[in-house]
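The block underneath contains the structure these notes are about, expressed in structure tokens.
Per chain, numbering begins at 1; letters A, B, ... match sequence-line order. Please read all numbers here as calculations on a predicted model, not as lab measurements.
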Amino acid sequence: MILLKLISWPYVRQHLPRWLLTIAGIVLGVAVFVGIHTANQSVVYAFRQTVDHIAGSTQLQISAGETGFDENVLDRVQAVPEVRVAVPVIEAVVGTGVQGQGNLLILGVDMTGDRSLRDYDLESSDPNSSDDIDDPLVFLAQPDSLMITDTYARENHLGPGAKVPMSTMDGQKLFTIRGVMKSGGLTSAFGGNLAVMDVYAAQKVFGRGRKFDRIDLAVKDGASLQDVKVNLQALLGRGFQVQVPSARAQQFDSISRVYITTANVSSVFALFIGMFIIYNTFQIAVTQRRAEIGILRALGATRAQIRTLFLGESVVAGLFGSVLGLLAGIVIARGMTGYIGSLLGEIYGIAQKADEISTDPSLMTFAVVLGVITSVIAAIIPARSAAGVDPVQALQKGKYQQLSAGENRVRRMAALVVAIAAVACLLLERYRIFFYVGDALALLSALLLTPTLALLLARVLRPLLRWLRPVEGTLAADSLLQAPRRTSGAVAALMLSLALVIALGGMTRASYDSIYRWLTVALNPDLYVSPSQSLTQRDFRFPESMGAQLGAIPGVGEVQLVRDARTEIQGKPTMFVAADVADLRRHATLPPIAGNTEEMFRRAAQGKAVLASENFAMLRGFKLGDVVDIPSPSGMLHLPIAGIVTDYSDEQGSLLVDRSLYKRYWNDNTVNIFRIYLAPGAAEADVKRRILERFGNQRRLFVLTNREVRRYILRLTDQWFGITYVQIAVAVLVAMLGIVNTLTVSITDRRRELGVLQAVGGLRNQVRGTIWLEALAVGAVGLILGLAFGSLQLYYSLHNEAIDIAGVQLRYEYPYLVALWLVPGILFVAFLSAIWPAETAVRGSLVEALEYE
Amino acid sequence: MTRWNKLAAVSVLFTSVVLAQDARQIIAESENRSRSKSQQYEGTLEVIGTSNKVSIKRWEYRRIGSFGASKAILRFTAPAEVKGVAVLIVNHTDRASDQWMWTPAIERDRRIAAQDRSTRFFGTDFSFEDLEERDVDQFDYRFAGEDTVDGAACWKIESKPRQSKSSQYTSSMVWVRKDYYVAAQIEAYSKDKLVRRIHYSDVQNVGGIWTPRNVEVFDANRKSRTVLKLEKLEYNVPMKDEDFTLEALRRG
């Protein structure tokens, strides 16, 4: 502690800007980590809160995925002796015409019994009355009845009797407020944007037929919850999920797994790169403070004390950086929560409303610990170097302790061994563990080789720099060659950042190409008729009879009825698509990934098999011919996979079955989307207009052209890759910090040299030019190594994406365009990074510079 | 009509015999005297909140069958917002009744689950359970003394649902008028706490059956009252069984 105060603190004060730059790496890493995690957590927390508040005193919930189930299931559940109360529920998110208020979560309940589970503490229109609702009979008798929360009422100046416009299956309708709920548990669900209506009215409004989404229940006093759960599961069969309410929130985690994993990579990567900046700074500090270290050693300080001193500094730097990062992270989270919430809502169709951020103390603590650990790890090697300083050499003024040739040789040998091990792992990549170990070894090998390769490239660049500017170029190149330790950290950071950019760029490109190919070849209907603008929202459904009505419209050649819903397969939510397979066959143009086209469509059309998407097969470990156990409300279906096809409908994978099979087992003939092929010669705009004219006034529907659907999916893809762009921005920013850091140190190191240069007649512009060229050289070296290592990293990323994240085999295609953009981009960034250090160098006092050291 | 109303509809024939009867026999006799093949009336329902805000509804009531095994349909006629809403009650001698509600605006019927019977009947101070008729044998009785209600001499009888029968009430105290064998008052308790008090008045002889034409329910928790007035009351009117089915409920 005393050493920290006497030795470290004066050094930090003297080099404050550099220290700030050093901790900037940690700040950035922790900020991104905390920001993304807090934003994610806030969205998940908002969903959990909504689930909890809506659940009330519900102990168990019964559902059958998103498909819903017949009303008679309720009677069977209510007849179980241990069940105290069981009530039906329909949940839907609808748009309202109330300006600026967004969506409203509608909870359809049976008010005759629901109060046993949920507390509807209502405000009375008559302040002296204890009547909790104006008239419960009117509420039930009139299907336009709505109860809203007092928050919603207050914000929109609504009261009993007021009308609220709302989207229904029959178009926009006015609903009458017949009750206002006082603030309390239930009312805070979905950020207060909650309305309650009669469950049977909700069936009609949302086109659910005679089905419920869910049954909420509570057990009798003294009955064991676990026993009741087991009994109900046995009674209803595996097609139903009997779960505690919190399990719904776990489903959200499961569904958004891919997104969360991607987000985690960003933050960990930022910290990883930050580690190299810290390493660089500490390594330089050791070099600069060798005299100080020499004196301490001469005065009797042990090697352990010197090591502890540097590690102590790293703890303080890590702590300081982490706390700053924490604060910055909260600011980032505030900005991102709404964005992530709406993105997840749109992609996964899950209702939540995240307005507020929720900070988790354990996450904050973890982030600080992570920041400090990162800082300490980065300082281990420099601290060891510091402890190894020879006091005699250190006290000889102006003499640098060079990296020994032996050390370089050892490192090169180690890199070679590690590279061979990485190649060996590559041969065994079918075993996950070897694949990931191989990736880590390839990274380690690249890092071990970085100083040698950087030196080699600096030598190659020397003639070029000399040719560009004979004096400045030579000085800049020599600076790199004489002090490789000074630049190796920055080069490594830059290399890693650019490798990430290449990997992400390559993955994005390959994903876009695949999605685009699927969009243009497989998704070929001319028009789509959907009950919502977002194709992922499945709250509203059409009746089957509408298919024939659409078919009768002039210009409509063929109508395909599609019903998709998420259901649980192997305990994981899986998208289930039901359509007339024979119809699909007529328009299928994309060859299957596995299976015989004719055979697979024939068997699927007969209801004897399913078609699995590539990502379903890959992520769940299914092969052609494997049997999938599909739970349905009417019992288990055991169907073999007849074909594996390209389908990006859902990230977790999808299964396609024939509609007749779905109707039989799910007893559901509703439709989510009508896919329409035009008759020859029919004009798309005319048919769209006719559909809208025919149904526009009767039903809530959107007619989307193929172009609009493609645009919509590409927009979602863009939004999805938004997180990738954040990763790229972080990577470039960290790389920039690395260059600024290196140059700042370089200038400080060469202050005397630069002072001499000016004293013997060197112009300020020449000094500037030297530093600019040095920056460009660091940028160029990092660029070359990054683009090369990126090609390897892209391979690993694509494979990782295939086996563990998206389950899709993407084509390896080096993103030359991205690489081409990076060349001027990084050189420009390097130049920008050099401006401030260069100005510092030329504006400093010449006398001071010559007196330096 | 309601269980309470049926009790109240009993008339006295042989007062002298009563002294010798036990509590169960009094209730059974009361039930016997209210027995009819059918019943119909038009009811006016006044719900009076704690601030004396009054809401009025009207319904038509038709019942077929004998006490405990009867079927009844109650159809709202006013105000306009609730017109056509109907409830079908099918009573059973050995178990709780089955009840369905019909909502014409959405053309849907819904089953009122047994678990929901303790909830208020459409904002009135009656509960769904209060609409049921229950057989004498579904309860145990205890003679609790004598009293007067509105000046009429009454027997006080405590009734408790038998273990196997579910009821929101753990016990009820019934005041049965000695003159007509009609209930004058009922207090229903849940774990010794008063839940509802039902007061019967304006007892008239209609077609040979003594029936209170005025029923007032007091909800002890909410401190609100509901008054039901029976008009155009008739007994033993010809009715058909097929008019008391789910299809009939939907037909309106």
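- In A/Asn72, the CG atom is crowded: over 12 heavy atoms of neighbouring residues, nucleotides or ligands sit closer than 6.0 Å.
- Heavy atoms closer than 4.5 Å to chain A are found nowhere in B/Lys83, neither backbone nor side chain.
- Residue-environment remark: CD (B/Glu107) stays at or below the threshold of 12 foreign heavy atoms within 6.0 Å.
- Neither the backbone nor the side chain of B/Phe121 comes within contact range of chain A, judged by heavy atoms closer than 4.5 Å.
- Residues B/Val85 and A/Ala141 share a closest heavy-atom pair of CG2-CB, 3.4 Å.
- Ion pair A/Asp110/B/Arg111 not flagged as a salt bridge, since none of the NZ, NE, NH1 or NH2 atoms sits closer than 4.0 Å to an Asp/Glu carboxylate oxygen.
- Using a cut-off of 4.0 Å between Lys/Arg side-chain N and Asp/Glu carboxylate O, B/Arg108 and A/Glu71 are scored as salt-bridged.
- The distance from atom CD of A/Gln142 to atom OG1 of B/Thr103, rounded to the nearest 0.5 Å, is 10.0 Å.
- The line from CG of A/Leu137 to CD of B/Glu81 is 9.5 Å long, rounded to the nearest 0.5 Å.
- Looking at A/Asp75, only its side chain comes within 4.5 Å of chain B, counting heavy atoms on both sides.
- Here the side chains of B/Ile106 and A/Asp198 are in contact, with some heavy-atom distance below 4.5 Å.
- For B/Asp125, no part sits under 4.5 Å from any heavy atom of chain A, backbone or side chain.
- No more than 12 heavy-atom neighbours from other residues, nucleotides or ligands sit within 6.0 angstrom of NZ on A/Lys204.
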